[in-house]
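Just below is one structure, and these are the notes that go with it.
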Number of protein chains: 2
Amino acid sequence: MTETTKPRRAQILDSASRLFSERGYHATSMRDLAGDLGMQGGSLYAHISGKEELLIEIVNVASRQFDEALFTLRDVQLPADEKLREAMHRHIRVVADNMDSATVFFHEWKHLSPEAYARVTGWRDSIDAFYRELITRGISEGTFRADLDPRMTAYLVLSAVNWAYTWYRPGGPLTPGDVADSFADMLLGGLRSEIGSTA
Amino acid sequence: MTETTKPRRAQILDSASRLFSERGYHATSMRDLAGDLGMQGGSLYAHISGKEELLIEIVNVASRQFDEALFTLRDVQLPADEKLREAMHRHIRVVADNMDSATVFFHEWKHLSPEAYARVTGWRDSIDAFYRELITRGISEGTFRADLDPRMTAYLVLSAVNWAYTWYRPGGPLTPGDVADSFADMLLGGLRSEIGSTA
DNA sequence: CCTACCGATCGGTAGG
DNA sequence: CCTACCGATCGGTAGG
């Protein structure tokens with residue numbers, strides 16, 4: 001009974017993710033969305049309760065993906081540098097595998113109602129905390145430089161993995177793993193050569 | 001004669017930058033904007049030709065600031081690592097000093113008409129090229145590691161300086177220069193300590 | 001800069 | 001899932 005409506009709902013969410021990411025939430029009308037699915041505007045409401053439900057669900061699915069990717073890594077026993085590399089792999093993979101909903105997630109969450117908004121803010125904080133704790137442990141282990149500021153370091157890592165939503169193109173020459181390894185190599189080892197440092 | 005209308009236009013642009021960055025372009029109505037300035041909706045059209053003119057001007061001002069900050073650095077004679085640090089200083093300063101219009105710039109440019117859209121795309125490409133050339137020169141100078149991919153390196157630097165629009169808070173404990181130095185230190189020198197490298 | 005208004009479009013609903 | 005419709009609001013204009 002719910003098995004026939006579920007795929008239709010999934011189709012609606014896919015279309016909504018794409019249109020919201022391309023045009024923005026407010027610039028996408030319910031008639032745009034219905035047209036993309038070959039139906040009339042009013043027909044959507046047989047499957048969903050309203051426009052905001054779509055935004056909430058897209059954002060929730062995206063944040064759940066980040067959650068699952070990173071928090072299963074929390075208690076894994078690995079040196080901090082390897083763990084950071086693995087976290088970046090997973091983080092970029094979520095972005096790359098969900099370009100549309102990730103874009104919606106990063107751009108449209110401020111249009112959520114207060115409760116849903118607070119949930120997203122909480123998620124963001126917990127991701128920040130995950131990276132800060134990883135850095136802090138790496139410093140006390142001696143893997144990372146002792147003079148790092150965990151907060152700034154976490155911002156730098158998050159910049160790299162999150163900003164990928166603006167430029168990464170799935171199906172292009174780079175896999176998400178290529179990107180993660182390249183960024184991790186540069187972040188861990190630094191850009192400067194051994195010989196030529198001047199500052 | 002134009003001297004009395006110019007400040008009013010500037011006020012409208014400031015309000016529009018703030019409202020567009022907080023609520024988004026399409027979610028901000030002209031009546032919201034007028035109300036923020038203590039006037040009626042229709043009165044705005046004595047000063048501007050339409051809503052999109054505001055978006056175009058905000059985005060143009062922002063991109064001009066990035067242009068001026070970076071392209072005056074192009075022909076400065078400096079080792080690549082110092083030049084990269086200086087570019088990051090300037091780039092982050094533009095973001096930090098224009099949080100509202102930078103946010104509009106990053107989020108709302110896709111709502112521009114085709115011509116204005118193409119201009120922004122062109123600007124983005126030229127900023128990318130600026131950083132890629134800087135990296136390439138640094139590699140051939142011997143300042144940067146020979147195994148760097150200039151394209152990926154430029155993406156990493158741009159991630160760091162652009163993503164600041166999401167978390168930086170002017171008036172907080174960190175100056176734009178603090179952020180730039182912290183990021184530049186980490187990027188140039190790497191996160192790993194000398195002793196504890198495992199990978 | 002205001003009042004009053006325009007046509008268009010919005011999200012959503014009723015009834016089938 | 002469609003047709004037909006609702007009140008509300010949109011960007012913008014006319015005339016003053």
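Everything numeric in this text was worked out from a predicted model, so none of it was measured.
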- request: Give the cluster check for B:L19 versus A:Y117: same hydrophobic cluster or not, with ILVMFWY residues linked at side-chain heavy-atom distances below 4.5 Å.
  value: yes
query: Do A:V61 and A:I58 share a hydrophobic cluster (ILVMFWY, side-chain heavy atoms under 4.5 Å, transitive)?
result: no
query: By a strict heavy-atom criterion of less than 4.0 Å, which residues belonging to residues 19-35 of chain B are in contact with DNA chain D?
result: B:T28, B:S29, B:M30, B:R31
query: Using a cut-off of 4.0 Å on non-hydrogen atoms, how would the nucleic acid contact of B:G50 be classed: base, sugar-phosphate, or nothing?
result: sugar-phosphate
Salt bridge present between B:E133 and B:K83 (N-O < 4.0 angstrom): no
- prompt: With B:F183, which residues qualify under ring-ring contact (aromatic ring centres under 6.0 Å, His included), at least two apart?
  reply: none
- request: Look only at the side chain of A:D32 and the backbone of A:S29, and say whether a donor-acceptor pair between them is shorter than 3.5 Å.
  value: yes
- line: Comparing nearest nucleotides in DNA chain C, the 5'-proximal residue of the pair A:S49, B:S43 is B:S43
task: Could you tell me which residues satisfy ring-ring contact (aromatic ring centres under 6.0 Å, His included) with A:F144, sequence neighbours excluded, listed by chain and number?
output: none
message: Tell me every residue that passes ring-ring contact (aromatic ring centres under 6.0 Å, His included) with B:W123, counting only those two or more places apart in sequence or in another chain.
response: B:F66, B:F105
task: Take A:L37 and A:Q11 through the side-chain contact (heavy atoms from CB on, under 4.5 Å) test and state the conclusion after the steps.
output: CA-CA 8 Å; A:L37 291 153; A:Q11 286 175 33; 4.0 Å; yes
- request: Please list, in 5' to 3' order, the outermost nucleotides of DNA chain D lying under 4.0 Å from any heavy atom of chain B.
  value: D:dC10 to D:dT13
statement: ring pair (Phe, Tyr, Trp, His ring centres under 6.0 Å) test vs A:F106 passes for just one of A:W163, A:F20, A:Y165, namely A:Y165
message: Is there a continuous path of hydrophobic side-chain contacts, each under 4.5 Å between heavy atoms, that joins A:I48 to A:V104?
response: yes
field: Base-paired stems that DNA chain C participates in, counting runs of 3 or more Watson-Crick or G-U pairs under 3.5 Å
entry: C:1-16 with D:1-16
